[in-house]
Amino acid sequence: MVKIITRHSLGTQNVYDIGVEQNHNFVIKNGLVASNCFNKSHSTAYGYVTYQTAYLKANYPLEYMAALLTANSDDTDKVQKYIATCTNMGIQIDPPDINRSGVDFTPLDGKVLFGLSAVRNVGQNAIAAILEARESKGEFKSLSDFCDRVDLGAVNRRTLESLIYCGAFDKIDSNRNQLLHDLPLVYDWAQSRAKDRATGQGNLFDLLGGGFASNTHKNTIQNSFDSAPKAKPVPDLPPQEKLRKEKELLGFYVSDHPLKSIRNSARVLAPVNLSQLGEQKEESTLCAVVMLNNVKKVITKKGDPMAILQIEDLTSQSEAVAFPKTYERISSLLQVDSRLIIWGKVDRRDEQTQFIVEDAEAVETVQMVMVELSVQQAATIEEQHRLRTILQEQSGDKEKAKVPVIGIVQSGTSRHLVRFGRQFWVQDSRSAVLALQNARFSAHTQLLTNNQIIT
């Protein structure tokens, strides 16, 4: 974020924030730009670039974000951050597509399309072979058509497996598991046809080309790849397995995200996301809804086990630490690819921000207490005091109070959510709901995975 600060003769100043990936403070004095660390010509150049970038982002958001993603494609953290920015801007990110993707991220049909270069195990030679075959004879109709037309010397079986797993063939056949089972048969079939063509043999349909072929024969030629062998029908991969392979090959979840289905609930419960972690005060207490990407077990000098965790949410990735006492309590939950809600504090060491985990719970078991209030109840001091008293009684030991409380204020047809502070969270959802209902408050429990909260 760039801050442009204009100072006036009266001593006042205006600060303008522009969303550009430069971290500099510019001061405009008497029409000239200056800064503390470099000369005016340098500052002027940065100021000009700032204006250009802000203009492009405002007027050509699709092209701007595609260029930004391409320029930072080798930085996983930045790409994930920009993908989250695209989501907030209403720009959809599509996974790679063998019939539409180019080399880099591309703006297309109101979306940003992943480039083939973003797929692991797909090298430049393979990309060149795919683009050449597509440009010469049009879109690919099937896996067999693809294998028959591309240079299999450049596109090997591992490359094809990666393209299938990341969803690049989904527009042709969305059953990725079927394509993976077909691949060995189709690949050998295509290699055999390539060898026949190289030796001048070819097959009957290949020899029926040119002016000697009738329209019927031409249609047969175009569909000759339909005769390729196929494996027995199999069900598609489970959604979680699809996402896991996407993450492995692209570095991100693209077609979906395990946390996306609960993002409304998570946003109410944990309003600070991981991309904002560095902005929080040290030692501040937070909770976050995250995916667990990696667990590295470490033994301390005293011989106690602890863990360094790699976590992510919809906006960013970060590192978290579970020290021995915490690790002993939550170790059974620390499984890769699990969805967790974690509580802890912000810690900064060597200019790096970490999340110190103090407790965790599986997302699937997290319950919230929902209290429905009328506008009159919410505005009445006596009612507020009664509600506060009940919640404080139900919270008991603050360290054990892990059940969030959410207020829903109904005003006409609109619903306003109020996230009660951590000091009002309760220990047991059932007893809290019963106490609230006995005091004539409308209350119920709701699982975090139930995403019916209106934000």
Side-chain angles (χ1 to χ4, degrees), residues 1 21 23 75-85 247 251-252 257-259 262-263 266-363 365-366 395 397-404 419-425 427 448:
M1 184 71 69
E21 307 313 313
N23 189 18
D75 189 324
T76 302
D77 289 340
K78 283 190 176 181
V79 170
Q80 184 170 14
K81 174 184 172 183
Y82 297 144
I83 287 177
T85 300
K247 178 71 180 296
F252 325 94
H257 194 288
L259 296 178
I262 58 170
R263 62 182 170 185
R267 192 182 297 124
V268 175
L269 189 58
V272 176
N273 55 52
L274 293 184
S275 67
Q276 300 168 321
L277 200 60
E279 303 170 12
Q280 308 306 309
K281 294 180 179 179
E282 190 168 5
E283 295 295 315
S284 57
T285 301
L286 301 172
C287 74
V289 178
V290 301
M291 281 288 297
L292 188 56
N293 291 336
N294 190 44
V295 180
K296 181 181 179 182
K297 188 176 178 180
V298 179
I299 303 298
T300 66
K301 293 180 180 179
K302 294 182 179 180
D304 300 320
M306 58 174 285
I308 298 175
L309 314 175
Q310 294 298 324
I311 57 176
E312 76 165 78
D313 62 8
L314 291 170
T315 66
S316 185
Q317 300 183 21
S318 185
E319 185 175 271
V321 178
F323 287 117
K325 287 185 179 180
T326 303
Y327 179 78
E328 182 180 2
R329 189 171 63 254
I330 68 171
S331 58
S332 60
L333 299 174
L334 302 182
Q335 305 296 324
V336 173
D337 293 333
S338 60
R339 300 186 298 176
L340 301 174
I341 176 171
I342 57 176
W343 292 267
K345 294 182 178 179
V346 176
D347 178 67
R348 290 188 178 87
R349 292 187 181 180
D350 301 327
E351 298 182 356
Q352 184 178 4
T353 303
Q354 290 181 324
F355 193 102
I356 305 301
V357 181
E358 296 179 339
D359 205 353
E361 187 176 346
V363 159
T365 63
V366 175
S395 64
D397 186 349
K398 300 299 182 184
E399 295 298 321
K400 296 180 180 179
K402 294 292 190 291
V403 180
R419 184 176 62 92
F420 285 80
R422 182 70 183 270
Q423 68 271 28
F424 297 112
W425 289 15
Q427 289 191 42
L448 178 61

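Keep in mind it's a predicted model, so treat the numbers as computed, not measured.
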Participant: Nearest 0.5 angstrom please: N273 CG to S318 OG, how far?
Facilitator: 11.0 Å
Participant: Does the D313 side chain pair with the main chain of L274, one donor and one acceptor, at a distance under 3.5 Å?
Facilitator: yes
Participant: Taking all heavy atoms of A270 and all of A288, pick out the closest pair and write down the distance.
Facilitator: CB-CA, 3.9 Å
Participant: Indicate yes or no: at least one non-hydrogen side-chain atom of D359 is less than 4.5 angstrom from one of I342.
Facilitator: no
Participant: What's the verdict on side-chain contact (heavy atoms from CB on, under 4.5 Å) for Q352 and E319, showing C-alpha distance, side-chain angles and the deciding distance?
Facilitator: CA-CA 9 Å; Q352 184 178 4; E319 185 175 271; 4.0 Å; yes
Participant: Measure the shortest side-chain to side-chain distance between I330 and V357 over non-hydrogen atoms and say whether it is less than 4.5 angstrom.
Facilitator: yes
Participant: Report the distance from atom SG of C287 to atom CZ of F355, rounding to the nearest 0.5 Å.
Facilitator: 7.5 Å
Participant: How close do V289 and L259 get, counting heavy atoms only, and between which atoms?
Facilitator: O-CD1, 3.7 Å
Participant: Filter on side chain to side chain donor-acceptor pair (under 3.5 Å), then keep only pairs touching residues 333-348, sequence neighbours left out; what's left?
Facilitator: R339-E364, D347-R349
Participant: Determine, stepwise, if the pair V321 / L309 fulfils side-chain contact (heavy atoms from CB on, under 4.5 Å).
Facilitator: CA-CA 6 Å; V321 178; L309 314 175; over 6 Å; no
Participant: Verify side-chain contact (heavy atoms from CB on, under 4.5 Å) between F323 and E358, making sure each step is shown before the conclusion.
Facilitator: CA-CA 8 Å; F323 287 117; E358 296 179 339; over 6 Å; no
Participant: Would you list the pairs meeting side chain to side chain donor-acceptor pair (under 3.5 Å) in which at least one residue belongs to residues 276-292, sequence neighbours left out?
Facilitator: none
Participant: Determine whether P404 and F424 make a side-chain contact, defined as any pair of heavy atoms from C-beta on separated by less than 4.5 Å.
Facilitator: no
Participant: For a 4.5 angstrom cut-off between non-hydrogen side-chain atoms, does K247 reach N293?
Facilitator: yes
Participant: Atom NZ in K81, atom OG in S316: separation rounded to 0.5 Å?
Facilitator: 8.5 Å
Participant: Any heavy-atom pair between the side chains of F252 and I83 that's under 4.5 Å?
Facilitator: yes
Participant: Could you tell me which residues satisfy side-chain hydrogen bond (donor to acceptor under 3.5 Å, both in side chains) with Q80, sequence neighbours excluded, listed by chain and number?
Facilitator: E312, Q317
Participant: Is there side-chain contact between L292 and V336, with at least one heavy-atom pair below 4.5 Å?
Facilitator: no
Participant: Would you call K402 and Q427 a side-chain contact if the rule is heavy atoms closer than 4.5 Å?
Facilitator: no
Participant: Do you know which two heavy atoms are closest between L448 and A266, and how far apart they sit?
Facilitator: CD1-N, 4.1 Å
Participant: In Å and rounded to the nearest 0.5 Å, what is the OG1 to OH distance from T300 to Y327?
Facilitator: 12.0 Å
Participant: Out of curiosity, L314 CG to R267 CZ, how far, rounded to the nearest 0.5 Å?
Facilitator: 8.5 Å
Participant: Can you measure from CG (L333) to CG (L340) and round to the nearest 0.5 angstrom?
Facilitator: 6.0 Å
Participant: Quick check: do D304 and M306 have side-chain heavy atoms less than 4.5 Å from each other?
Facilitator: no
